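Let me begin by presenting the structure, written as structure tokens, before commenting on it.
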Amino acid sequence: MSDNYLQINPNEFAMQVIATSHADTNLSNSALIKKNLTLYLEAYYLIDDFNHLEVSNLEQMKQQQISDLFDKMLSGRFNV
């Protein structure tokens with residue numbers, strides 16, 4: 001079995017967040033740039049953290065799922 005896990009490109013995701021955000025027409029250019037930069041950085045690092053979490057917890061999640069399956073099998077076997 002291969003270890004496939006979800007990987008999201010942080011740059012592409014962050015660019016999509018900016019592209020789909022609604023610009024406030026009352027903001028100055030400087031304020032708009034700061035808002036977009038903040039959105040970009042928050043989105044980028046959120047996805048980067050997600051990608052690292054996905055990789056580091058993949059094996060642990062598999063072991064937990066196997067353990068849960070054995071627990072269910074054993075409890076079903078003795079509850080008959």
Side-chain angles (χ1 to χ4, degrees):
M1 174 163 70
S2 68
D3 290 334
N4 292 328
Y5 52 90
L6 181 63
Q7 279 284 307
I8 300 172
N9 183 308
N11 182 55
E12 289 178 14
F13 181 82
M15 293 302 288
Q16 281 295 343
V17 168
I18 291 173
T20 59
S21 73
H22 300 289
D24 186 356
T25 56
N26 296 329
L27 293 177
S28 68
N29 287 342
S30 179
L32 182 62
I33 291 168
K34 288 177 184 178
K35 177 186 173 224
N36 284 339
L37 179 58
T38 301
L39 281 172
Y40 177 88
L41 291 172
E42 287 176 351
Y44 185 95
Y45 286 111
L46 177 76
I47 294 303
D48 193 48
D49 288 345
F50 169 81
N51 286 338
H52 290 344
L53 180 66
E54 181 76 11
V55 170
S56 66
N57 288 332
L58 181 66
E59 196 57 41
Q60 180 183 354
M61 290 186 318
K62 287 180 185 175
Q63 291 299 324
Q64 184 62 44
Q65 290 170 346
I66 291 169
S67 177
D68 290 345
L69 177 61
F70 281 120
D71 289 344
K72 288 178 186 176
M73 288 170 44
L74 289 173
S75 67
R77 177 186 231 180
F78 293 116
N79 289 333
V80 174

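Keep in mind the model is a prediction, meaning the values are calculated, not measured.
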Rounded to the nearest 0.5 Å, how far does [atom2] of [Y] lie from [atom1] of [X]?
{"X": "Phe13", "Y": "Tyr40", "atom1": "CZ", "atom2": "OH", "value": "12.0 Å"}
{"X": "Leu41", "Y": "Ile18", "atom1": "CG", "atom2": "CD1", "value": "8.0 Å"}
{"X": "Lys34", "Y": "Asn29", "atom1": "NZ", "atom2": "CG", "value": "12.0 Å"}

*Count the heavy atoms of every other residue, nucleotide or ligand shown that sit under 6.0 Å from CG of Asp24, and state whether that count exceeds 12.*
yes

*Members other than Leu32 in its cluster, when Ile, Leu, Val, Met, Phe, Trp, Tyr link by side-chain heavy atoms under 4.5 Å?*
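Leu27, which link up through side-chain heavy atoms under 4.5 Å apart, make up the rest of the cluster.
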
*Can you sort out the partners of Tyr44 under side chain to side chain donor-acceptor pair (under 3.5 Å), two or more places apart, ordered by chain and number?*
none

Which atoms form the tightest heavy-atom contact between [X] and [Y], and what is the distance?
{"X": "Ala14", "Y": "Ala43", "value": "CA-CB, 3.8 Å"}
{"X": "Ile47", "Y": "Asn9", "value": "CG2-C, 4.4 Å"}
{"X": "His22", "Y": "Lys35", "value": "O-NZ, 3.0 Å"}

_From Asn51, Leu46, Asp49, residue fulfilling side chain to side chain contact (heavy atoms under 4.5 Å, CB included) relative to Pro10_ =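 Of Asn51, Leu46, Asp49, side chain to side chain contact (heavy atoms under 4.5 Å, CB included) with Pro10 is met by Asn51 alone.
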
